[in-house]
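Okay, structure first, notes after.
First the proteins, then the strands, lettered A, B, ... as listed; each starts at 1.
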Number of protein chains: 2
Amino acid sequence: MMAVYDDMNEKTKEKIQKSFLQLLQEKNFIKVSVQDIAKASGINRGTFYLHYLDKYDLLDQMEENLLAGLEVQLERLQPDRLLLEAEKGNISMHAVEVFRYIQLNAETFKVFLGGNNRVGFHKRLKQFFVEHFLEKMISNELFFNSTTVPQDYLSSFATSAFLGLIEQWLDNDLAETPKQMAEMYIQIIFFIKNL
Amino acid sequence: MMAVYDDMNEKTKEKIQKSFLQLLQEKNFIKVSVQDIAKASGINRGTFYLHYLDKYDLLDQMEENLLAGLEVQLERLQPDRLLLEAEKGNISMHAVEVFRYIQLNAETFKVFLGGNNRVGFHKRLKQFFVEHFLEKMISNELFFNSTTVPQDYLSSFATSAFLGLIEQWLDNDLAETPKQMAEMYIQIIFFIKNL
DNA sequence: ATTCCACTAAACACACTGTTCAGTGGTTAT
DNA sequence: ATAACCACTGAACAGTGTGTTTAGTGGAAT
């Protein structure tokens, strides 16, 4: 039984991640040094390197975790059902759950999507949506068979639009409820559908 | 007459910017050092600091220049006329010019919008579009008076969608002509109009 | 002729990096 | 109880890049 050591490792990792997130709210990722992180976490600088390769690795793992959580929500969201329900005027519970996940991790999303980030979490998130949701949706011939706009443009356009919605929500400090967001989202889907 | 010195200054600045752009195509902004830039430009490292505060300032000025050029194109593009023409099935010459400008500076746009950038040129470009074009368009009550979706969401959504179109174009190595892009763009405008 | 200007070359202190190594204290296994 | 184990500490290390400064070069303007 080495669960105690696993807990220890996890707890310091959590301390590091929490302090890192706080620092990112104050200043640029670039200007946050490993020294800063260690100091803010109350750990030795060497300890940081026992858990992460460097600060880029730290950011990478945190982004990965956030997306992994999002993936769980998106997997439950079946495009076919979503559209069928929407046509009856119902909002899928699963769609609301997606926005609730974002709400739950709002601070993290805000920091990663904000200007203080490195490679553009935006790009990564966009790619993620295209792969995990939009491709299934658009390739569904039942709903989307536009001949006027090429599929790759349709895909990029729709995903960006969706992300724009989320970014605005975060900028508004989540003034709307997840349900309201899901409703807007459904409206966008119908736009594209009626292309 | 000190035009000779001005020329000299400009030429070294151009050398720096050109080398910088090349370096950004190879590696991350973060991994590009002032030493690298100086070496690639064939200038002394100290000379770099005679023109720029640091590499962040260099990137900032280049982004600024790119947007300034774009602003010139966007100013000619009058939302009212654009829509009136579009309804008749005509594509505004000015709309095509906007895409031609992007085509002309494709390499720069690609590098700045790609993952190798710092604060996300994406964010800046989005803000730029909202300020210089979309606000005029959406606040034009003649065309947009949606009550179902709040204006800020509409704005963010529409701008992101437009940017998504451009990103896809760049990813496709500008396979489409500026005219084709302008046509797609008009289609998007009509989507939003018919919300 | 001399002042002006962009640029060079070299040196400077400083900050952060990633690694290493001996040591501490609590936990687990024998 | 003793020994092995493990996460962590503190301090040192060379290495790299930073931004600044100094003295000096050579061409252009006055």
Is the phosphate of C/dA10 approached by B/Asn44 (side-chain N or O, under 4.0 Å from OP1 or OP2)?
no
Atom-pair distance (CG on B/Asp7; C1' on D/dA29), nearest Å
15 Å
Heavy atoms from C-beta onward define the side chain here; which of D/dA7, C/dA6, C/dG18 lies closest to that of A/Tyr49?
C/dG18
Presence of A/His51 side-chain N/O under 4.0 Å of D/dC8 phosphate oxygens OP1/OP2:
yes
Starting at CZ of B/Phe48 and ending at C1' of D/dG19, how long is that distance when rounded to a whole Å?
11 Å
Just checking, any donor-acceptor pair under 3.5 angstrom between side chains of A/Gln22 and A/Glu26?
no
How is A/Ser33 classified with respect to the nucleic acid when contacts are heavy atoms under 4.0 Å: base, sugar-phosphate, or nothing?
sugar-phosphate
Measuring to OP1 and OP2 of C/dC5, would you say a side-chain N or O of B/Tyr5 lies under 4.0 angstrom away?
no
What integer distance in Å separates A/Asp54:CG from D/dT16:C1'?
15 Å
Whether the A/Asn105 and A/Thr108 side chains hold a donor-acceptor pair (N or O, under 3.5 Å, no angle test) is what I'd like checked.
no
To the nearest angstrom, the CD1-P distance between A/Ile43 and D/dC6 comes to 20 Å
Taking the six-membered ring for Trp, are the ring centroids of A/Tyr56 and A/Phe29 within less than 6.0 Å of each other?
yes
Heavy atoms from C-beta onward define the side chain here; which of D/dC8, D/dG19, C/dT28 lies closest to that of A/Thr47?
D/dC8
Would you indicate what A/Leu53 reaches in the nucleic acid, counting non-hydrogen atoms under 4.0 angstrom: base, sugar-phosphate, or nothing?
nothing
Within this structure, what is the NZ-to-C1' distance between A/Lys11 and D/dC6, rounded to whole angstrom?
17 Å
Rounded to whole angstroms, how far apart are CD on A/Gln35 and P on C/dC14?
15 Å
Going through the distances and angles, do B/Ser41 and B/Ser19 end up as a side-chain hydrogen bond (donor to acceptor under 3.5 Å, both in side chains)?
CA-CA 6 Å; B/Ser41 315; B/Ser19 303; 3.3 Å; yes
Rounded to the nearest Å, what distance is computed from the CG atom of residue A/Asp36 to the C1' atom of nucleotide C/dC16?
10 Å
Measure the NZ-NE2 distance between B/Lys13 and B/His51 for me, rounded to the nearest 0.5 Å.
7.5 Å
Does OP1 or OP2 of C/dC7 have a side-chain N or O of B/Asn9 closer than 4.0 Å?
yes
Without decimals, in angstroms, what is the distance between A/Ile30 CD1 and D/dG17 P?
16 Å
Nearest to the side chain of B/Leu50, heavy atoms from C-beta on, is which of C/dT28, D/dT9, C/dC7?
C/dC7
Of the listed nucleotides (C/dG18, D/dT9, D/dG19), which one gets closest to any side-chain atom of B/Arg45?
D/dG19
Look at the side-chain N and O atoms of A/Thr12 and state whether any lies under 4.0 Å from the OP1 or OP2 oxygen of D/dA7.
no
